[in-house]
K.L.:
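Before I ask anything, here is the structure I am working with.
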Amino acid sequence: MRTSWADSVANADSSAVAVGASTSTTYANAADASAASAVAAPRPGRASYVPPHLRNRTASSEPPVPSPADGSSAAKLPPGPAALSGGNRWGGGPSRDMGRAGSVGGGQGTGGGWGSRSGGWDRREREVNPFANEDETTEAVFDGRDTTGINFDAYEDIPVETSGENVPPPVSTFSEIDLGDAVNENIRRCKYVKPTPVQRHAIPILLAGRDLMACAQTGSGKTAAFCFPIISWIMRGPPAERQRVSRTAYPSALILSPTRELSIQIHEETRKFSYQTGVRVVVAYGGAPINQQLRELERGVDILVATPGRLVDLLERARVSLQSIRYLALDEADRMLDMGFEPQIRRIVEQMDMPGRGQRQTMLFSATFPSEIQRLASDFLSNYIFLAVGRVGSSTDLIAQRVEFVLDSDKRSHLMDLLHAQEVNGAHGKQALTLVFVETKKGADSLEHWLCMNGFPATTIHGDRTQQERERALRAFKSGATPILVATDVAARGLDIPHVAHVINFDLPNDIDDYVHRIGRTGRAGKSGLATAFFNENNSSLARSLAELMQEANQEVPQWLSRYAVARSSYGGRNRRTGGARFGGRDFRRDSSSRSVGGGDYYGGSGYGGGAYGASSGYSGGYGNPGLSAWD
DNA sequence: AAAAAAT
C-alpha cells in the first residue's frame, strides 16, 4: 500500500523518531518532540549538517557528511541527474571545483564555515545580497509605520483547519523547525520572529514529505511556508549535477504561478530564504528576453520559478528537464485555470519528464475549490493533507469598505476628490499608496494619462505594457516614487505590495471574488486599509453579492445599495459563493470517492465545528467574518 | 466582455 516516495519518506521519519528525540535538546515536550522528529530526523543532528556546496569535499577536515538517513533518502530519489553519484554541485569542471573547495576550506578556520559571510558557492561570482536594497527604499519611505512588516498580534486568533491522514502537529517557533544556520540567519534577516499560522502548520507537513493542498493568502507567509521545506530538503539531499555536455538544466523544485509579476515576487522572496545556502533559485517568465534566463539556467538551478508559457518554451527547447523534480508547487491554482492554463499545466506535469505523483512532493495553493481544481488535485496529489488558514485578522477590522454611487461621467472628478483628500495622510507628506482598479487596459492608460496631466504622480500596470514597463511601474509604486498605480486585474491577485493604504475600484469587477481579491491588496499582513468602490447602474449585477459581503464584514451598507440588491435578488453575480470560497474551503475528499483508508475518524472531528464544513450556506458561526475570505 | 500568458 505504501508505495509512494512521500510515504517512504514518512516511514523513514517515523523509524528515526527515537534517535531524533533522544539526541534533541530543543523540544520542550512530547508533542513538540514528535513534531520535531518528523522535521529533524532525516539528518543526524545539527553538528553534522552539511550545506550543498560543501557536501562533496573529500578532504579529511570537512564535517561529517552523508548520514545513513541521507543515504536512504537519496536512494528514494527518482532516477535522474540528481541521483547520479559523485560530481560537484554544478559540474563546472574539476579545476573550478578544486578551487572552490580550497577557498572555502581556507575560510573554514573561522568556524563559521559554510554559514560565514564569504560562503558563496562560487568565489568567482559572489551571490548578490537579496537583502541589500531593503533599508533604503521601502523602510526609509515608510519609516515609522512598522519595522517588521508583519503585525504578529493579528495572527493570534486566525482559524486554521487541517484534514487528512496523520497530520503532523504544528510547531510554534522557528527553533523547533531548525533549518540550519544559513536559513536561520535568513529568517532573522527577514525579521521573522515567529512562524505565521500557515507556516506553523505547513512546514511540518511538508518536512514530513506529505503532499499539501492549501488555502492561504500571500501576505500570510505562504511563500516561506513552502520554500523553507523545499530549501531544507534540497540542502540535505544529494548534490545536483549538471550534465556537462548538454545545456539542459535539471531543477529539483518547480514553482508555477499565473502572472509574471507574481513569479518575480516569489523569486525575490525565495532568494532571500536561500541566501548563502548554496541553493540556486532561477525565475523564467515571458515578456523578458529569454537569453538572460537561459544563462541563469546554465549556471545551475535548484528551484525554478516560472509562468507556464515560458516554461513550456524552455521545455520544448530542451533547456530545462523536469526529470529531477522532487518538489512541485502550484500557486494560485484556480487563477491559473481561470486564465486557461490547464492544458499547459497538465502538459508540464503529466506529459513531460516529470516524476509522477507520489514520486515527487506536490503542493497546490488555491483560493477556491471548483470541480476543475478538485480534478487537478486528485490527478496531481497523493494522499495529501488539506490545510485552510483564515485571513490575517478579519476584514471587519482591517479593511474599511465604502461604496459610493458615481456615474461613469463623474468618476474622474470623484477620484480626484479622494486623492486630494488623502494627500495629507501619507507619511512624510507623501501621498499614501493608492491602487486604482479599472476594467480595461485602454481605460488604465487613459486614466493614468489624465491623472498625470492633473498633477497626480501615477503609473499603470496592465497586459498591453511591455514587461519592462510593468516592472518599472510596480517598482515605482512600491518605492513610493509614483504613489498611484492604475491597474487591471493583472494586479488583483497574489501581489504583495506592502503599505497600500487605499484600493479604489474605479470600475467594479463583474465577479464578487475578483472584488475580494482586489481589496485584499490593502489591509495586508495585519495592517488596516481602506477600499472604496464606485458603483452605478452598470454594476447592478454585483449589488446583491456586494451588499452581502459588506454585511458579513460588518460594513455599513448604503440604503441605495440594498435597494439595488433587492431589485436584483435573483442574480448575485457569477461565482457568488463557490462552495470553497468561505473560510475552511473544504476537503472535497469528504464526499468524493477518494475518501480513503483510515480517514473516517478524522473527518468527523474537525475542531472547528465540523458540521458546517460541507454546507455551502453554513459556516457563519465562530470566526468573526468567515465569509470574507480574501484568499489569494 | 476583459484580462492574463510564449514568440
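Naming: A, B, ... by sequence-line order, numbering from 1 per chain. Quick note: numbers below take in every heavy atom, side chains included, and nothing from hydrogens, waters or symmetry partners. The structure presented is a predicted model; accordingly, all values stated were derived computationally and were not measured.
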K.L.:
Under 6.0 Å between ring centres: does that hold for A:Phe226 and A:Phe365?
P.N.:
yes
K.L.:
For A:Arg346, is there an ion pair with A:Asp379 - N to carboxylate O distance below 4.0 angstrom?
P.N.:
yes
K.L.:
For A:Glu471, is there an ion pair with A:Arg465 - N to carboxylate O distance below 4.0 angstrom?
P.N.:
no
K.L.:
Measuring to OP1 and OP2 of B:dA4, would you say a side-chain N or O of A:Thr307 lies under 4.0 angstrom away?
P.N.:
no
K.L.:
Just how far, in rounded Å, is P of B:dT7 from CG of A:Asp313?
P.N.:
7 Å
K.L.:
Quick one: which of B:dA3, B:dA6, B:dA5 gets closest to the side chain of A:Lys441?
P.N.:
B:dA3
K.L.:
What integer distance in Å separates A:Glu342:CD from B:dA4:C1'?
P.N.:
16 Å
K.L.:
Is A:Arg470 near enough to B:dA4 that one of its side-chain N or O atoms lies under 4.0 angstrom from OP1 or OP2?
P.N.:
no
K.L.:
With the side chain of A:Asn510 defined as its heavy atoms from C-beta on, choose the nearest nucleotide among B:dA6, B:dA1, B:dA4.
P.N.:
B:dA1
K.L.:
Looking at residues at least two apart in the chain, or sitting in another chain, which of them share a side-chain hydrogen bond (donor to acceptor under 3.5 Å, both in side chains) with A:Asp445?
P.N.:
A:His462
K.L.:
Check this one for me: any side-chain N or O of A:Arg260 less than 4.0 Å away from OP1 or OP2 of B:dA5?
P.N.:
yes
K.L.:
Consider the side chain of A:Thr440, meaning its heavy atoms from C-beta on, and name the nucleotide among B:dA6, B:dA5, B:dA3 that approaches it most closely.
P.N.:
B:dA3
K.L.:
Figure out the CD1/P separation between A:Ile345 and B:dA5, and round it to whole Å.
P.N.:
14 Å
K.L.:
What integer distance in Å separates A:Glu332:CD from B:dA4:P?
P.N.:
15 Å
K.L.:
In whole angstrom, what separates A:Glu316's CD from B:dT7's P?
P.N.:
12 Å
K.L.:
Using atom CD1 of A:Ile348 as one end and atom P of B:dA6 as the other, report the distance to the nearest whole Å.
P.N.:
10 Å
K.L.:
Once you round it to whole Å, what is the distance between P of B:dA4 and CD1 of A:Ile264?
P.N.:
14 Å
K.L.:
I want to check one thing: is the phosphate of B:dA2, taken as OP1 and OP2, less than 4.0 Å away from some side-chain N or O of A:Lys442?
P.N.:
no
K.L.:
Which is true for A:Arg335 with a 4.0 Å heavy-atom rule: it touches a base, it touches only sugar-phosphate, or it touches nothing?
P.N.:
nothing
K.L.:
Within 45° of the ring axis of A:Phe506 and under 6.0 Å from its six-membered ring centre, is that where the NZ or CZ of A:Lys411 lies?
P.N.:
yes
K.L.:
Name the nucleic acid region contacted by A:Gln344, choosing base, sugar-phosphate or nothing; use a 4.0 angstrom heavy-atom cut-off, strictly under.
P.N.:
nothing
K.L.:
Just checking A:Arg317: base, sugar-phosphate only, or nothing, at a heavy-atom cut-off of under 4.0 Å?
P.N.:
nothing
K.L.:
Looking at A:Thr488, I'd like to know whether one of its side-chain N or O atoms comes within less than 4.0 Å of OP1 or OP2 on B:dA4.
P.N.:
yes
K.L.:
Rounded to the nearest angstrom, tell me the gap between atom CG in A:Asn538 and atom P in B:dA1.
P.N.:
15 Å
K.L.:
For A:Gly287, report the nucleic acid contact type (base, sugar-phosphate, nothing); a contact means any heavy atom under 4.0 Å.
P.N.:
sugar-phosphate
